[in-house]
Amino acid sequence: MPINDDQKQEIEELRAQQQPTRRAVVPELEEILYEPIPVLDHGFVRVVDYMGDDSAVVQAARVSYGKGTKAVREDRGLIRYLLRHRHTTPFEMCEIKYHVKLPVFVARQWIRHRTANVNEYSARYSILDREFYIPSPENLAAQSQSNRQGRGDVLEGEEAEEALRLLKDDAAACYDHYEHLLNEGPDGEPREPGRQGLARELARMNLPLNIYTQWYWKADLHNLLHFLSLRADPHAQYEIRVYAEAMLETLRRWVPLTYEAFQDYAVGSVSLSKGALAVVRRLLAGEEVDPASSGLSAREWRELMDSLGRE
């Protein structure tokens with residue numbers, strides 16, 4: 001299950017609290033504060049705290065106090081200008097903190113984004129739960145023939161059944177050995193009296209990468225947008241992309257004006273190199289341009305044509 005009983009009780013207690021404040025509060029985000037958004041088979045994302053809102057971005061950009069006399073329409077235009085021209089500092093004035101439960105191999109991709117504050121569940125001090133990510137059949141795919149980091153066709157029939165069986169059996173066997181090495185029951189007492197067992201910090205190294213871990217992850221809005229621009233992209237690995245998609249919904253609730261601009265200028269846009277822009281100008285002028293005369297590599301040519309919706 002995504003959350004355990006202790007976490008469920010904690011969430012209920014936190015959501016029952018009412019805190020009077022003079023800080024900026026976003027009602028739509030407050031609706032889901034602390035609530036887990038299910039991701040994958042056992043994972044989740046939940047917002048546990050935040051600071052600032054769209055007006056904080058605007059306030060920082062204008063270096064002023066309070067909301068002043070500016071209208072929401074003008075705030076929207078300023079936020080769009082900032083994002084369009086990559087004036088990023090005002091977006092660093094807002095922060096958000098997530099509690100995330102995710103497979104270890106996804107966490108190792110995620111941690112590559114080094115502009116956040118992270119505190120992870122420690123398997124040196126605690127025993128990890130017997131929970132593993134097992135892909136659904138439609139996500140079992142062969143290696144892509146054109147992309148060394150991607151997937152190709154979905155596995156079918158006996159090959160798919162064997163892959164699922166091996167993933168499940170290996171995970172279960174590794175955890176069985178983990179428990180044996182620890183020699184520690186749920187109550188902390190030895191499973192086999194007279195045997196010491198291996199230290200937790202050593203026993204954990206036998207666990208597979210699809211076991212679940214948890215962490216608290218805090219980032220400012222600018223770095224969150226950078227993370228989402230990469231991990232919510234269709235080319236990102238599915239297992240991390242679904243986390244980014246869940247976080248996109250929290251972004252929409254938290255800073256709707258920034259979310260709208262982000263969709264227009266990041267998610268739904270493309271960046272062109274100097275050479276690609278020259279090709280577009282030649283095409284607009286009615287010139288016939290082919291790969292050989294474009295001056296672009298074969299891959300950049302394909303990417304440009306895909307972006308323009310041309311064969």
Side-chain angles (χ1 to χ4, degrees), residues 1-40 42-76 78-79 90-102 110 115-122 126 129 212-225 227-228 232 242-263:
M1 60 182 172
I3 59 173
N4 59 39
D5 291 339
D6 289 341
Q7 290 172 332
K8 185 176 181 180
Q9 182 178 350
E10 178 190 3
I11 291 169
E12 291 174 352
E13 290 173 354
L14 287 169
R15 287 184 59 81
Q17 296 176 9
Q18 297 292 328
Q19 303 289 349
T21 180
R22 289 188 175 88
R23 299 187 328 158
V25 174
V26 182
E28 194 165 359
L29 186 58
E30 292 284 324
E31 289 178 3
I32 63 165
L33 195 62
Y34 308 123
E35 289 281 11
I37 302 171
V39 183
L40 298 179
H42 300 294
F44 63 74
V45 173
R46 66 187 186 107
V47 178
V48 295
D49 201 2
Y50 66 97
M51 180 185 76
D53 58 3
D54 280 323
S55 65
V57 176
V58 172
Q59 180 189 41
R62 291 183 177 135
V63 196
S64 62
Y65 295 96
K67 296 182 180 178
T69 58
K70 303 297 183 181
V72 172
R73 173 179 53 81
E74 294 170 313
D75 288 353
R76 176 177 180 270
L78 178 55
I79 286 174
F91 296 99
E92 296 174 8
M93 302 300 160
C94 298
E95 292 190 341
I96 191 165
K97 181 164 64 174
Y98 294 96
H99 177 196
V100 188
K101 182 179 178 182
L102 68 172
W110 194 316
T115 50
N117 304 112
V118 185
N119 194 41
E120 185 176 359
Y121 184 98
S122 174
S126 303
D129 294 330
Y212 274 85
T213 185
Q214 299 184 39
W215 64 28
Y216 279 80
W217 190 84
K218 180 173 71 70
D220 64 53
L221 179 54
H222 163 57
N223 285 299
L224 174 63
L225 295 179
F227 171 84
L228 294 175
V242 289
Y243 282 91
E245 289 169 350
M247 294 164 75
L248 271 174
E249 172 58 17
T250 68
L251 181 75
R252 183 193 66 78
R253 288 173 172 268
W254 177 32
V255 282
L257 297 181
T258 300
Y259 171 84
E260 178 194 37
F262 178 65
Q263 289 289 335

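Everything numeric in this text was worked out from a predicted model, so none of it was measured. All residue numbers refer to positions in the sequence shown, counting from 1. Heavy atoms only: backbone and side chains are in, while hydrogens, waters and symmetry mates are out.
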Kindly say whether [Y] contributes a backbone atom to a donor-acceptor pair with the side chain of [X] at under 3.5 angstrom?
X    : Y    : result
R76  : L257 : no
R15  : L33  : yes
W215 : L102 : no
R46  : E35  : no

Start with the C-alpha distance between H222 and T115, add both sets of side-chain angles, then the distance that settles side-chain contact (heavy atoms from CB on, under 4.5 Å), and finish with yes or no.
-> CA-CA 10 Å; H222 163 57; T115 50; over 6 Å; no
If you compare all heavy atoms of [X] against all heavy atoms of [Y], which two are closest, and at what distance to 0.1 Å?
X    : Y    : answer
L228 : A244 : CD2-O, 3.5 Å
Y98  : V45  : CD2-CG1, 3.5 Å
F262 : L251 : CD2-CD2, 4.1 Å
A116 : A219 : CB-CB, 4.1 Å
A56  : C94  : CB-SG, 3.8 Å

Calculate, to the nearest 0.5 Å, the distance between atoms [atom1] and [atom2] belonging to [X] and [Y] respectively.
X    : Y    : atom1 : atom2 : value
F44  : Y243 : CZ    : OH    : 8.5 Å
T213 : W110 : OG1   : CH2   : 11.5 Å
Y216 : D49  : OH    : CG    : 10.5 Å
E249 : L29  : CD    : CG    : 10.0 Å
K101 : L40  : NZ    : CG    : 11.0 Å
M51  : K218 : CE    : NZ    : 8.0 Å

Taking the side chain as every heavy atom from C-beta outward, state whether [X] and [Y] have any pair of such atoms under 4.5 Å apart.
X    : Y    : result
Q59  : M93  : no
L224 : M247 : yes
I79  : E260 : no

Give a yes or no on whether the ring-centroid distance for F227 and W217 is below 6.0 angstrom.
->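 Ring centres of W217 and F227 closer than 6.0 Å.
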Can you find a side-chain donor-acceptor pair between Q9 and E13 that sits under 3.5 Å?
->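 Looking only at side-chain atoms, E13 and Q9 do form a donor-acceptor pair, the distance falling under 3.5 Å.
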Does a side chain donor of either Y50 or T250 reach within less than 3.5 Å of an acceptor in the other side chain?
->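 No - no donor-acceptor pair under 3.5 Å links their side chains.
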Trace of the side-chain contact (heavy atoms from CB on, under 4.5 Å) decision for W254 with L221 = CA-CA 10 Å; W254 177 32; L221 179 54; 3.8 Å; yes
R62 with D75: basic N within carboxylate O range, under 4.0 Å |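 Salt bridge present between R62 and D75.
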Derivation and outcome, side-chain contact (heavy atoms from CB on, under 4.5 Å), residues L248 and Y259 = CA-CA 8 Å; L248 271 174; Y259 171 84; 4.2 Å; yes
Residues Q263, R252; criterion side-chain contact (heavy atoms from CB on, under 4.5 Å); working and verdict | CA-CA 10 Å; Q263 289 289 335; R252 183 193 66 78; over 6 Å; no
